[in-house]
Amino acid sequence: MAKRSPEETPSLQSIASYVKSNAAQAKKAQHMHMEEGSMVTRETDYKGHHIVVRTKYEVEVDGNRLMGHLGVNDAGSVHYHPIPNMSFTSALDMIKKVIDVFPNDFDSNGGPTPMPPMEHHSGNKSTMSKKIKTSMDKTAVKRRKG
Amino acid sequence: MAAVTRSNVVTNASARQKYINGVKLLKAELPGPTTVSLGIPGPSAKISTYDLFIVWHHIAMNTFTPPTQSDRNAAHRGPVFLPWHRFMLRQLELNLQRVLHDNSFGLPYWDWAADGQLSAAAQKTAPIWQAGNFGGQGNPISTGPFAPPQFVVKIEANSSGSLVQTNHGLRRAFGVNGASTLPKRTDTAGAVAQTKYDLAPWSTSSAGFRNYLEGWNPALGLHNRVHVWIGGDMLPSTSPNDPIFFMNHCNVDRIWESWMQKPGGPGRVYAPGDAEAATLKGHRLHDTLSSLLSGTTTPSQMLNVTSLYVYDSLVV
C-alpha cells in the first residue's frame, strides 16, 4: 500500500480502505501454522567459521500435533508464539503452560482442538492427565571455513 | 495542533474516564471489515475498530522478520518493539480523539512500577483494579467498566496461534503464571541506566535498553512481566483485548521517552541503521512499520514525537 502520513485524521472510510488494502497480508500472517513441525535455524560466525544450527520440533499433546510456532533464540531459550511474553529453559514446561493458558483447546479426549465460536467459557480442565511428547528430530551443526 | 499531554491513569480521573468511554465507543463502532475479509474462520461478523487493533497486533507478531528465523517479528523481540508500539498507541489515540470529539485527549499511562513497590498482596488490590478504574481479576472479571456483558471479547488467538471468533468476558489472573509481583522502581532504573539502544544479534538475546525494557534480558522483566502478572487475556498474541494493554504500553513508551531525554544520556538514538544487513529488514531506521488501519511510518519518524504528545512526568 502507498505510504501516507499516519497522522492523518482517521475516519470510518479511511479505516475500511486501509484494512482492505492490507487484507491479503493479514490473511497470510494470521495463519502461521507449522504443518510439519517447527524448524528453527540459528546462525553465527566464530573465528572465521560460519555456524548453522537447525532444530526441528514436533509437539504432541495426547497424540495430537500442536500447530503453533515454536522457536529457540540464540541463548537457547524456547518460546511458543501463542504465549508471546514467556520463554522457557524446558520445552516440556512450556507446553504445560500452553495447556494452562488455553484449557478449552484441550478437550477431555486430549489434544488441541479448535474453539467453536460463541462457546468459549471459563472451565478449567485438569491438565494432570495430559500426555506431552516433544521430539527434537534433527539438529545439524555445519561448519565451513570463512 | 498543540501537543496533547499524557497523564497518570490512576490520578487523572478525567483522562481515565475519557479512555474508558472512548474504548467502549471504538468497541461498538463497525467500520466495515469482517472476519471473512481477514480470513478468520466461522460466520461472517463485522469487526469493531477496537478489535482491529487486536488483529493488527496479532498480525504483526505473526510476521517473522526475516521469515527464515523464528525470533524477531514485525513488532516484538527486536529493535522495532518500541517504535512499532509507539505507532500503535498513536493510532489508538487519534481514534479515541475522533470518537470523543476531543482533540486535546491524551492517552493515559499506568505507572506499574509504583504498584510494584507495594506488597505482593497489595498489588492485587491496588487502585488501578478497583471498580471505578479497570476492575479486578476473575474468569471472567466481575467488576469495573470492562466486566461482561458491557465488554465482551470477540476475537482471540487459540493454542495454535490462529485467530478465532469467541464470545466471553475479559479474564485476568494476577500473579499466578510465573510472575508473582510487578516490576519495581529498581527495575525501571536498571533499564534507564542502559547506554545503548540495541545491539547485535538484535533479538531476545541482545544486551541494551530495548531488550531490557521489553523484558527478555533480564528474563521476565518489565513489559513482559506486566503481561504475565496480569495473566488471562493479557497472555496470548491478542493481548490488546484487555484495555489495560494500552496503559501498560503507554508506560513502556514513557520509559523510552525518559531514557531518550535523560540528562547526559544517549539522546534520540536508534539502532540498527539503514546500512545493516537486509536480514534486519523491518527493524532498520527507515524501514516501513507494519500497519493495518492507517498509513505507515518508520522508526525514524517515531523518535521525536514531542510535537504530538508529551508526558506529564518522566519519573519512572
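Computed from a predicted structure; not experimentally measured. Throughout, protein chains are lettered first and strands after them, A, B, ... in sequence-line order, and every chain is numbered starting at 1.
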In terms of heavy-atom proximity below 4.5 Å to chain A, should B:Val36 be classed as side chain, backbone, both, or neither?
-> backbone
Could you list the residues that satisfy salt bridge (charged side-chain N to carboxylate O under 4.0 Å, His left out) with B:Arg98, not counting sequence neighbours?
-> B:Glu29
Does any donor atom in the side chain of A:Asn73 or B:Ser203 lie under 3.5 Å from an acceptor atom in the other side chain?
-> no
By a 4.5 Å heavy-atom criterion (distance strictly below it), what part of A:Val19 contacts chain B: side chain, backbone, both, or neither?
-> both
For B:Arg172, what residues pass the salt bridge (charged side-chain N to carboxylate O under 4.0 Å, His left out) criterion, not counting sequence neighbours?
-> B:Asp242
With a 4.5 Å heavy-atom cut-off (strictly below), which parts of residues 47-57 of chain B touch chain A? List them by number.
-> B:Thr49, B:Leu52
Which bit of B:Val176 is near chain A, if near means a heavy-atom gap under 4.5 Å: side chain, backbone, both or neither?
-> backbone
Residues A:Ala75 and B:Ser205: closest non-hydrogen pair is N-OG, 3.2 Å
If one checks every heavy atom of B:Pro236 against chain A at 4.5 Å, the contacting part turns out to be both
Considering only heavy atoms, which portion of A:Thr9 lies under 4.5 Å from any heavy atom of chain B: side chain, backbone, both, or neither?
-> neither
Minimum side-chain heavy-atom gap B:Glu156-A:Phe102 below 4.5 Å = no
Qualifying residues under salt bridge (charged side-chain N to carboxylate O under 4.0 Å, His left out), relative to A:Lys97, sequence neighbours excluded | none
Given the rule in the side chain to side chain contact (heavy atoms under 4.5 Å, CB included) test, do B:Met234 and A:Asn85 qualify, once you have shown the distances and angles that lead to the verdict?
-> CA-CA 9 Å; B:Met234 278 285 274; A:Asn85 302 109; over 6 Å; no
Derivation of the side chain to side chain contact (heavy atoms under 4.5 Å, CB included) call for B:Leu94 and A:Glu8 | CA-CA 9 Å; B:Leu94 288 168; A:Glu8 63 185 336; over 6 Å; no
Measure distances from A:Ser11 to the heavy atoms of chain B and classify the residue's part below 4.5 Å as side chain, backbone, both or neither.
-> backbone
In terms of heavy-atom pairs under 4.5 Å with chain A, which of B:Ser290, B:Ala45, B:Ser37, B:Ser239 leads?
-> B:Ser37
A:Asp105 (side chain) donor-acceptor with B:Ser159 (main chain) under 3.5 angstrom = yes
Greatest number of heavy atom pairs closer than 4.5 Å to chain B - which of A:Pro84, A:Ala16, A:Ala23 = A:Pro84
Any A:Gln25 side-chain heavy atom under 4.5 Å of B:Thr63 side chain | yes
Side chain, backbone, both or neither: which part of B:Asn73 has a heavy atom under 4.5 Å from chain A?
-> side chain
Between B:His227 (side chain) and A:Met86 (backbone), is there a donor-acceptor pair under 3.5 Å?
-> no
In terms of heavy-atom pairs under 4.5 Å, which option from B:Asn217, B:Asn103, B:Thr204, B:Leu30 contacts chain A the most?
-> B:Thr204
B:Lys46 atom NZ, over 12 foreign heavy atoms within 6.0 Å | no
Chain A heavy atoms under 4.5 Å from B:Arg77: which part of the residue, side chain, backbone, both or neither?
-> side chain
